[in-house]
Amino acid sequence: MFIEVVKSKIHRVTVTEANLNYIGSITIDEDLLDAANLIPNEKVSIVNNNNGERFETYIIKGERGSGVVCLNGAAARRVQPGDIIIIISYAMMDFEEAKTFTPSIIFPDTATNKLITDR
């Protein structure tokens, strides 16, 4: 049996931009991607803490060290710059493997979107 479990999570990061006139996706600082074990084109769920919106999109790599978290295309209508969001990816795995799997979860500084290293 396979089940879907949390693989990666960026917990509480601040939206820096919302670009309606783009094809679609979420642009995320490459430092955050690396820390959370996420890759470009990976499907993610977005949870907006400010308005309760939940939606899915895919990742585009943003400039390393920029702190960018930009919702593009139609997803830009679901957020405002300054909103706090949670970004989650899931993976399918064998039930027994899932029992011991540890997801990558990071907690960036919401003021800068930089990694907090002393957590």
Side-chain angles (χ1 to χ4, degrees):
M1 170 177 41
F2 285 90
I3 62 170
E4 192 170 19
V5 298
V6 172
K7 178 189 85 64
S8 302
K9 180 176 172 184
I10 301 176
H11 188 77
R12 296 183 52 87
V13 68
T14 302
V15 173
T16 59
E17 302 171 51
N19 183 354
L20 184 60
N21 296 312
Y22 193 81
I23 297 169
S25 67
I26 183 170
T27 304
I28 304 172
D29 179 324
E30 191 173 6
D31 284 341
L32 297 175
L33 294 180
D34 290 349
N37 193 31
L38 293 165
I39 60 171
N41 300 310
E42 186 170 353
K43 180 181 173 180
V44 290
S45 295
I46 309 295
V47 179
N48 188 328
N49 283 4
N50 291 75
N51 63 19
E53 290 279 358
R54 298 177 73 95
F55 55 94
E56 295 178 335
T57 190
Y58 64 92
I59 297 170
I60 291 179
K61 178 174 56 177
E63 182 181 345
R64 186 177 293 284
S66 66
V68 67
V69 175
C70 178
L71 277 299
N72 301 300
R77 295 223 184 257
R78 308 272 181 154
V79 300
Q80 296 289 320
D83 283 358
I84 303 293
I85 63 171
I86 299 169
I87 303 165
I88 310 162
S89 76
Y90 301 90
M92 295 293 294
M93 61 184 67
D94 177 78
F95 184 75
E96 292 303 316
E97 178 185 7
K99 288 179 180 181
T100 59
F101 178 76
T102 302
S104 298
I105 301 175
I106 64 168
F107 301 85
D109 178 348
T110 56
T112 64
N113 286 349
K114 305 292 182 185
L115 294 173
I116 298 173
T117 56
D118 62 351
R119 192 173 263 281

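Remark: the backbone N or O of Arg78 is paired with a side-chain donor or acceptor of Asn48 at under 3.5 angstrom. A donor-acceptor pair is defined here as one N or O able to donate and one able to accept, closer than 3.5 Å; such a pair exists between the side chain of Asp83 and the backbone of Gln80. Not one N or O on the side chain of Ser66 forms a donor-acceptor pair closer than 3.5 Å with the backbone of Asp29. Proximity of a side-chain donor or acceptor of Ser104 to a complementary backbone N or O of Ser8 within less than 3.5 Å is not detected. For the pair Asn50 (side chain) and Ile84 (backbone), a donor-acceptor distance under 3.5 Å is present. Judged purely by atom type and a 3.5 angstrom limit, Lys7 uses its side chain to pair as donor or acceptor with the backbone of Asn37. When atom types are taken as modelled, the side chain of Asp109 and the backbone of Lys114 share no donor-acceptor pair closer than 3.5 angstrom.
Linking Ile, Leu, Val, Met, Phe, Trp and Tyr residues whenever their side-chain heavy atoms come within less than 4.5 Å leaves Phe101 and Met92 in two separate clusters.
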When you look at Tyr58 and Ile26, which way does the side-chain contact (heavy atoms from CB on, under 4.5 Å) test go after all the steps? CA-CA 6 Å; Tyr58 64 92; Ile26 183 170; over 6 Å; no

Take Ile106 and His11 through the test side-chain contact (heavy atoms from CB on, under 4.5 Å) and record every step on the way to the result. CA-CA 6 Å; Ile106 64 168; His11 188 77; over 6 Å; no

Chi angles and distances behind the side-chain contact (heavy atoms from CB on, under 4.5 Å) call for Leu32, Leu115: CA-CA 7 Å; Leu32 297 175; Leu115 294 173; 3.7 Å; yes

Mind running side-chain contact (heavy atoms from CB on, under 4.5 Å) on Lys43 and Glu56 for me, showing each step along the way? CA-CA 7 Å; Lys43 180 181 173 180; Glu56 295 178 335; 3.1 Å; yes

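Rounding to the nearest 0.5 angstrom, the gap separating the OG atom in Ser45 from the CZ atom in Phe55 is 9.5 Å. Distance check: Ile85 CD1 to Ile46 CD1 gives 5.0 Å after rounding to the nearest 0.5 Å.
Two residues are said to be in side-chain contact when any heavy atoms from C-beta on lie closer than 4.5 Å; Tyr90 and Val5 fail this criterion. Counting heavy atoms from C-beta on, the side chains of Asp94 and Met1 never come closer than 4.5 Å.
Paired with Val44 under the rule side-chain contact (heavy atoms from CB on, under 4.5 Å), one option of Ile88, Ile10, Thr57 passes, and it is Thr57.
In this model, a donor atom of one side chain and an acceptor atom of the other lie less than 3.5 Å apart for Thr27 and Asn72.
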